[in-house]
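Chain identifiers are assigned alphabetically (A, B, ...) following the order of the sequence lines, protein sequences preceding nucleic acid strands; residue numbering begins at 1 within each chain.
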There are 2 protein chains.
Amino acid sequence: MDSEKRLEYLSRVIRERGNRLTPQRLAILRALVDNDGHPSAEDIHKEILRDFPTTSLATVYKTITLLKDIGEILELGFGDDGSRFDGRKPYPHPHLICTQCGQILDSEVDNLDKLIDSLAFPNQFSVKTHRFDIFGLCSDCAQK
Amino acid sequence: MDSEKRLEYLSRVIRERGNRLTPQRLAILRALVDNDGHPSAEDIHKEILRDFPTTSLATVYKTITLLKDIGEILELGFGDDGSRFDGRKPYPHPHLICTQCGQILDSEVDNLDKLIDSLAFPNQFSVKTHRFDIFGLCSDCAQK
DNA sequence: TAAATATAGATAATAATTATCCGCTGAAAA
DNA sequence: TTTTCAGCGGATAATTATTATCTATATTTA
Ligand SMILES: [Mn+2]
Ligand SMILES: [Mn+2]
Ligand SMILES: [Zn+2]
Ligand SMILES: [Zn+2]
């Protein structure tokens, strides 16, 4: 997963669908593809403010919405705790979520789709997507 | 899973911890254990109103909070779409969620804990709980 | 250049849930 | 029996991440 490559890909898709790649928007994209920590909208906003101090939080949300429309961002909603975003791997995948420090780790596993199919089949359920969150303590927090 | 047995169990636990089993509270418990459709707070409230027309929605939420404290209800939060509750099986288990009609089906699978452990182990992650949602169309909605 | 469209930023609105307040109830204590 | 008092129900206000709205500005198109 090359951040620069992914940034170029997203930039191209956005331009091709007639949207504009403003400096603020590019900065938001860069923050998303450079960060593998699943940042919140606030996290992204804070980072953008360094280069574009007048950027509104609404602008961050608008770019996230744009990426959602393209299907190039994965949103992990946590109700009142807000959402965290994965702009590097927009497809569903398991996450290890530390309930102590808030860190979110990516995880991969083979044959998860097969398991999901085996759950859906008996109910004649047609699968579109999924969400698999594992909550607990990361290695750092577990030591304390 | 006997609804009546579960109702008796919940009633006993609530009394044993010094809480009171008011008629409204009992009605809310009954609505929860009788319904395997993963009702929302509103759903429960509507049902309670038939027998106790002055019940406040806040009372429903308070009883749900009580059950959460005991660990005897599973909350499935969906952000702005609110939460759905499982008062029959309070432990984590996979759900098949129809994005068309909102129906939520229970699902069970062997060795899910083993799979989760295999994901957590490489990261030295200490698992506490999990959430596994599968989104798609139920058999009814898929036919249309 | 002129017109059309998209976007940024500011601000108001949304809505599920939670907090707060107050009067009531019921069981235990005196 | 009377008093006490924590728990509770109901009403209402507050919370807060996100979305909608509005206007000025920037960019593209003709
Ligand atoms: Mn991820
Ligand atoms: Mn369930
Ligand atoms: Zn941690
Ligand atoms: Zn359906």
Side-chain angles (χ1 to χ4, degrees), chain A residues 10-32 38-70 73-85 102 104, chain B residues 10-11 13-32 38-70 73-85 102:
Chain A
L10 292 178
S11 304
R12 182 164 53 79
V13 173
I14 286 174
R15 275 190 304 255
E16 277 174 359
R17 77 196 293 274
N19 290 105
R20 293 171 193 170
L21 201 59
T22 63
Q24 294 93 332
R25 195 166 275 180
L26 184 62
I28 293 168
L29 293 185
R30 202 182 295 278
L32 276 168
H38 303 85
S40 66
E42 279 285 7
D43 292 335
I44 297 167
H45 186 223
K46 282 202 201 99
E47 186 161 338
I48 305 308
L49 285 180
R50 292 202 314 246
D51 291 322
F52 301 91
T54 66
T55 308
S56 166
L57 182 57
T59 297
V60 176
Y61 277 110
K62 282 180 207 168
T63 299
I64 289 171
T65 300
L66 173 62
L67 289 171
K68 278 196 228 170
D69 291 342
I70 309 175
I73 194 171
L74 184 69
E75 175 171 14
L76 302 176
F78 295 101
D80 285 345
D81 295 330
S83 288
R84 306 277 292 269
F85 300 93
I104 298 180
Chain B
L10 292 178
S11 304
V13 173
I14 285 175
R15 275 190 304 256
E16 278 174 359
R17 79 196 293 272
N19 291 104
R20 293 173 192 167
L21 200 60
T22 62
Q24 294 93 331
R25 196 166 275 182
L26 185 61
I28 293 168
L29 293 185
R30 203 182 294 279
L32 276 168
H38 304 84
S40 66
E42 278 284 8
D43 292 336
I44 298 166
H45 186 223
K46 283 202 200 100
E47 188 161 338
I48 305 308
L49 285 180
R50 292 202 313 247
D51 292 322
F52 302 91
T54 67
T55 309
S56 165
L57 182 57
T59 297
V60 176
Y61 277 110
K62 282 178 202 168
T63 299
I64 289 172
T65 300
L66 173 62
L67 289 172
K68 278 196 228 171
D69 292 342
I70 309 175
I73 194 171
L74 183 69
E75 174 171 15
L76 302 176
F78 295 100
D80 285 345
D81 294 332
S83 289
R84 306 279 291 269
F85 300 93

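Residues from residues 40-55 of chain A placing a heavy atom under 4.0 Å of any atom in DNA chain C, listed by number, are A:Thr54, A:Thr55. Shown for residues 10-18 of chain A: no residue has heavy atoms falling under 4.0 angstrom of DNA chain C.
Among the atoms of the strands shown, none is found under 4.0 Å from any heavy atom of B:Asp81.
Judged by distance alone, the side chain of B:His38 and the main-chain N or O of B:Phe85 form no donor-acceptor pair under 3.5 Å. At distances below 3.5 Å, not a single donor-acceptor pair connects side-chain atoms of A:Arg17 with backbone N or O atoms of A:Arg12.
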Which donor-acceptor pairs under 3.5 Å do the side chains of residues 58-65 of chain A make with protein atoms, sequence neighbours left out?
{"from": "A:Thr63", "atom 1": "OG1", "to": "A:Thr59", "atom 2": "O", "distance (Å)": "3.2"}
{"from": "A:Thr65", "atom 1": "OG1", "to": "A:Tyr61", "atom 2": "O", "distance (Å)": "2.9"}

Please report, to 0.1 Å, the donor-acceptor pairs under 3.5 Å made by any side chain of residues 45-53 of chain B, with sequence neighbours excluded.
{"from": "B:His45", "atom 1": "NE2", "to": "B:Thr55", "atom 2": "O", "distance (Å)": "2.8"}

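A:Leu57 approaches A:Ala41 most closely through the heavy-atom pair CD1-O, 3.9 Å. Closest approach of A:Ser83 to A:Gly77, counting heavy atoms only: OG-CA, 3.3 Å. When all heavy atoms of A:Arg20 and A:Arg25 are compared, the closest pair comes out as O-NH1, 3.0 Å.
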Worksheet entry | Reading 5' to 3' through nucleotides 21-30 of chain D, protein heavy-atom contacts under 4.0 Å coded B for base, S for sugar-phosphate only, - for none | B----BB---
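The CG atom of A:Leu66 lies 10.0 Å from the CD1 atom of A:Ile28; values are rounded to the nearest 0.5 Å. Within the model, atoms CG of A:Leu67 and CG of A:Leu10 stand 6.0 Å from one another, a figure rounded to the nearest 0.5 Å. Atom CZ in B:Arg84 sits 12.5 Å away from atom CG in B:Leu74 (nearest 0.5 Å).
In this structure, B:Tyr61 atom OH and C:dT20 atom P are separated by 18 Å, rounded to whole Å. The interatomic distance linking A:Leu57 (CG) with D:dA17 (P) rounds to 9 Å, in whole Å. Atom-to-atom, CD1 of A:Ile64 to C1' of C:dT7 comes out at 16 Å; the value is rounded to the nearest Å. Per the geometry, CG belonging to A:Asp80 stands 19 Å off P belonging to C:dT14, to the nearest Å. What separates CZ of A:Arg25 from C1' of C:dT5 is a distance of 13 Å, to the nearest Å. Look at CG on A:Leu66: it is 7 Å from P on C:dT7, rounded to the nearest Å.
Taking A:Asp43 as the reference, A:Ser40 meet the side chain to side chain donor-acceptor pair (under 3.5 Å) condition, with sequence neighbours excluded.
For A:Thr59, a side-chain nitrogen or oxygen approaches OP1 or OP2 of C:dG9 to under 4.0 Å. Contact between the side-chain N/O atoms of B:Ser56 and the OP1/OP2 oxygens of D:dT12 is not found at any separation under 4.0 Å. Regarding contacts with the backbone of C:dA6, every side-chain N or O of A:Asn19 stays at 4.0 angstrom or more from both OP1 and OP2.
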